[in-house]
Number of protein chains: 2
Amino acid sequence: MNSAGYVVNNLARLLVEVLRKRIAPLGIVPGQFPTLLALWEKDGLTQKELLALVDIEQATLANTLTRMERDGLISRKEHPADARARTIHLTDQGQSIRDEAYRTAMQINEEVLADLSDEETEAFLGYMHRIIGRIKEVETKP
Amino acid sequence: MNSAGYVVNNLARLLVEVLRKRIAPLGIVPGQFPTLLALWEKDGLTQKELLALVDIEQATLANTLTRMERDGLISRKEHPADARARTIHLTDQGQSIRDEAYRTAMQINEEVLADLSDEETEAFLGYMHRIIGRIKEVETKP
DNA sequence: TAGCATTGCATAGCTAACTATGTAATATTA
DNA sequence: TAATATTACATAGTTAGCTATGCAATGCTA
């Protein structure tokens with residue numbers, strides 16, 4: 001009950017629920033955040049281009065995009081050169097929440113890390129990146 | 001894309017998938033692990049007693065138990081004194097995988113933490129517990 | 001250029017988390 | 001003791017992740 005995996009899982013769920021509550025007023029949910037971040041950086045990407053930026057599987061992204069379209073955050077337009085692809089565009093609504101969403105995310109980050117010093121936070125992130133690297137190594141090699 | 005929350009989420013998903021692959025041969029899935037750990041410790045608990053041990057919501061546990069019953073890991077019997085409650089019992093199959101499951105979980109824990117020293121691992125767990133504490137404080141007070 | 005392989009995206013079906021709500025049994029109280 | 005409140009659990013509906021698979025468009029090659 002105290003293994004790293006168990007604690008990481010627990011922490012991740014808590015963080016997602018905090019984010020969910022705080023961004024609910026903006027009309028978005030946590031799963032949409034990575035996609036929104038990417039589109040706020042650069043609009044009009046294809047699903048494939050987005051996929052390279054968001055660390056989830058293609059099918060998960062496709063479903064997330066469908067919900068975002070339903071929720072009026074994005075629209076899909078036909079790709080000018082490739083009929084299989086579609087370009088993905090933020091709606092006015094999707095654009096308008098950008099600053100507030102950034103602020104909220106940064107605010108949460110600060111709050112939950114408030115008990116850690118800058119050095120500890122850095123160490124914490126470093127450990128996670130090392131573990132992630134280790135997992136990817138283990139899982140691709142054998 | 002580099003906030004603590006994002007990285008924690010990513011790491012949690014990676015760890016769950018590692019666990020999923022490794023315990024698949026045992027006929028169990030990650031969501032069943034906490035419940036199994038509790039029942040291996042003490043069999044014949046009620047759902048309410050289990051709930052106190054597993055850090056998930058009651059509805060999630062009820063669904064997990066239903067899948068575990070379907071998969072032949074547990075059975076539910078009527079409670080001797082309270083007709084609302086049912087006691088939860090491991091089947092022979094649920095019992096038989098115990099040692100192998102423990103070994104697998106410990107093995108994964110070791111592997112993914114292999115790049116961290118004992119002190120670093122301790123620090124890592126400590127940071128997570130502090131963040132969890134902070135979240136619970138923030139989310140219950142205001 | 002006809003046929004096959006690849007690509008881009010969608011869909012189906014699963015687990016697992018959540019909140020909200022329903023239902024029957026038990027406990028409490030007026 | 002009859003009415004009400006509480007409890008134990010189940011169910012419905014959502015998000016969000018996964019794998020596997022389907023389908024149409026595009027690209028490649030014999």
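Small disclaimer: the values here were computed from a predicted structure and weren't measured. Below, chains carry the letters A, B, ... as their sequence lines are ordered, and counting in each starts from 1.
- Put simply, Arg13(B) has a side-chain N or O that comes within less than 4.0 Å of OP1 or OP2 on dC18(D).
- Using a 4.0 Å heavy-atom criterion, one finds that Thr66(A) contacts no nucleic acid atom at all.
- Whole-Å rounding puts the Leu11(B) CG to dG17(D) P distance at 15 Å.
- Between Tyr127(B) and Phe124(A), the ring-plane angle classifies as perpendicular under the 30° and 60° cut-offs.
- Position along DNA chain D of the nearest nucleotide to Leu65(B) versus Asn9(B) favours Leu65(B) as the more 5'-ward residue.
- If you measure from atom CG of Leu50(B) to atom C1' of dC9(D), you get 13 Å, rounded to the nearest angstrom.
- Looking at the side chain of Ala83(B), the nearest of the listed nucleotides dA17(C), dA25(C), dC18(D) is dA25(C).
- Picking from dC9(C), dT19(D), dA25(C) the nucleotide with the shortest atom distance to the side chain of Asp82(B) gives dA25(C).
- Of the side-chain N and O atoms in Gln47(B), one or more sit less than 4.0 angstrom from OP1 or OP2 of dA10(D).
- Mapping Lys48(B) and Arg70(A) onto DNA chain D by nearest heavy atom places Lys48(B) closer to the 5' end of the strand.
- Taking the nucleotide of DNA chain C with the nearest heavy atom to each of Lys21(A) and Glu49(A), the more 5' of the two is matched to Glu49(A).
- Counting only heavy atoms from C-beta on, Gln32(B) has its side chain closest to dA16(C) among dC18(C), dA16(C), dC18(D).
- Counting to the nearest Å, the C1' atom of dA8(D) and the NE2 atom of His79(B) are 10 Å from each other.
- The phosphate of dA10(D) (OP1 or OP2) has a side-chain N or O of Arg76(B) nearer than 4.0 angstrom.
- Ion pair Glu120(B)/Arg130(A) flagged as a salt bridge, since at least one NZ, NE, NH1 or NH2 atom sits closer than 4.0 Å to an Asp/Glu carboxylate oxygen.
- Note: CZ (Arg86(A)) to C1' (dC23(D)) measures 14 Å, nearest angstrom.
- Leu14(B) places its CG atom 12 Å from the C1' atom of dC18(D), with the value rounded to the nearest Å.
- Between Thr60(A) and dC18(D) there is a side-chain N or O to OP1 or OP2 distance below 4.0 Å.
- Residue-level contact check: Leu61(A) touches neither bases nor backbone, having no heavy atom under 4.0 Å from any strand.
- Taking atom CZ on Phe33(A) and atom P on dT15(D), their separation rounds to 18 Å, with Å as the unit.
- A donor and an acceptor atom sit less than 3.5 Å apart, one in the side chain of Gln58(A) and one in the base of dA10(C).
- Counting heavy atoms of neighbouring residues, nucleotides and ligands inside a 6.0 Å radius, atom CD of Glu100(A) exceeds 12 of them.
- The structure places CG of Asn9(A) at 10.0 Å from CG of Leu11(B), a figure rounded to the nearest 0.5 Å.
- Screening Leu26(B), Ile23(B), Thr104(B) for a side-chain contact (heavy atoms from CB on, under 4.5 Å) involving Ile97(B) leaves a single residue, Leu26(B).
- At least one side-chain heavy atom of Gln58(A) sits under 4.5 Å from a side-chain heavy atom of Gln47(A).
- Counting to the nearest Å, the P atom of dT11(C) and the CD atom of Glu57(A) are 18 Å from each other.
- Rounded to an integer number of Å, the gap from CG of Leu15(B) to P of dC18(D) is 14 Å.
- Proximity note for Arg84(A) (side chain, C-beta onward) versus dT11(C), dT15(D), dA25(D): the nearest is dA25(D).
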